[in-house]
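Inspection log for the structure reproduced underneath, given as structure tokens.
From a predicted model like this one, the values you see are computed outputs, not experimental measurements.
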Amino acid sequence: QVQLVESGGGLVQPGGSLRLSCAASGFSFSSFAMSWYRQAPGKERELVARISNTGGSTNYADSVKGRFTISRDNAKNTVYLQMNSLKPEDTAVYYCKAVAKPLAYWGQGTQVTVSS
């Protein structure tokens with residue numbers, strides 16, 4: 001069974017850091033591009049960061065560029081999102097997504113709350 005399990009979310013003060021992890025199983029992880037999305041209350045789900053199947057290419061939403069870093073460890077079937085200099089507007093449920101078109105798999109999400 002395909003599984004994407006996010007972890008590492010929580011409550012952090014503005015300016016703080018969190019590292020999200022997404023552990024994958026049940027598919028050929030190294031064949032899939034991986035992405036992080038987020039959805040805040042009342043807003044559309046938005047792409048935060050994306051990494052190619054090999055890890056050779058990344059891209060980021062302008063709102064997180066320079067603060068967030070996506071990475072992957074294909075030997076561990078895990079993708080990460082390092083989030084630094086967090087802002088209240090980063091508060092959202094963060095979702096992991098695996099894509100090898102036409103296939104797409106989603107994780108269940110993990111809550112990130114940035115508040116003083």
Side-chain angles (χ1 to χ4, degrees):
Q1 184 71 27
V2 169
Q3 283 193 299
L4 294 172
V5 180
E6 299 98 332
S7 61
L11 175 63
V12 65
Q13 292 186 338
S17 297
L18 285 173
R19 191 192 198 200
L20 306 184
S21 298
C22 174
S25 60
F27 64 98
S28 181
F29 180 78
S30 63
S31 298
F32 282 68
M34 301 296 298
S35 300
W36 288 95
Y37 286 73
R38 67 186 182 188
Q39 188 166 25
K43 295 190 174 183
E44 298 295 316
R45 190 170 297 187
E46 65 172 341
L47 177 66
V48 175
R50 182 162 48 203
I51 188 166
S52 63
N53 63 320
T54 64
S57 298
T58 60
N59 55 22
Y60 299 90
D62 287 343
S63 59
V64 308
K65 199 170 299 179
R67 300 188 298 121
F68 290 12
T69 303
I70 189 170
S71 61
R72 67 191 295 160
D73 187 339
N74 284 353
K76 295 183 177 180
N77 286 359
T78 302
V79 64
Y80 306 94
L81 186 67
Q82 178 67 47
M83 305 186 295
N84 299 326
S85 302
L86 283 161
K87 304 174 180 179
E89 53 261 45
D90 296 318
T91 295
V93 177
Y94 283 72
Y95 298 91
C96 179
K97 183 185 181 184
V99 175
K101 292 181 180 179
L103 299 175
Y105 305 126
W106 289 90
Q108 82 291 342
T110 186
Q111 177 71 48
V112 172
T113 302
V114 184
S115 176
S116 59

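- A salt bridge (charged side-chain N to carboxylate O under 4.0 Å, His left out) check over residues 7-22, counting only residues at least two apart or in different chains, returns nothing.
- Sequence neighbours left out, the pairs with a member in residues 83-116 that pass disulfide (SG to SG under 2.5 Å) are C22-C96.
- Using a 4.5 Å heavy-atom cutoff, the side chains of F32 and Y105 are in contact.
- Smallest separation of non-hydrogen atoms from P14 and S116: CD-N, 3.7 Å.
- Both L86 and Y60 belong to a common hydrophobic cluster when Ile, Leu, Val, Met, Phe, Trp and Tyr are linked at side-chain heavy-atom distances under 4.5 angstrom.
- Annotation for R50: atom CZ does not count as buried by contact number, only 12 or fewer foreign heavy atoms lying within 6.0 Å.
- Within the 3.5 Å criterion, the main-chain N or O of N53 finds a donor-acceptor partner in the side chain of N74.
- For the pair Y80 and I51, the minimum side-chain heavy-atom distance is 4.5 Å or more.
- When side chains are defined from C-beta on, M34 counts as touching L4, because their heavy atoms get closer than 4.5 Å.
- Identified under the side-chain hydrogen bond (donor to acceptor under 3.5 Å, both in side chains) test for residues 6-18, with sequence neighbours left out: E6-Q108, S17-N84.
- Closest non-hydrogen pair, A33 versus R72, comes out as CA-NH1, 4.0 Å.
- If you run side-chain contact (heavy atoms from CB on, under 4.5 Å) between L18 and each of T110, V112, L11, only V112 comes through.
- A salt bridge does not link K87 to D90: none of the charged nitrogens lies less than 4.0 Å from a carboxylate oxygen.
- In terms of heavy atoms, K76 sits closest to T78 at O-OG1, 2.8 Å.
- E44 CD: 12 or fewer foreign heavy atoms inside a 6.0 Å radius.
- Atom OH of Y37 sits about 13.5 Å away from atom CG of L81, to the nearest 0.5 Å.
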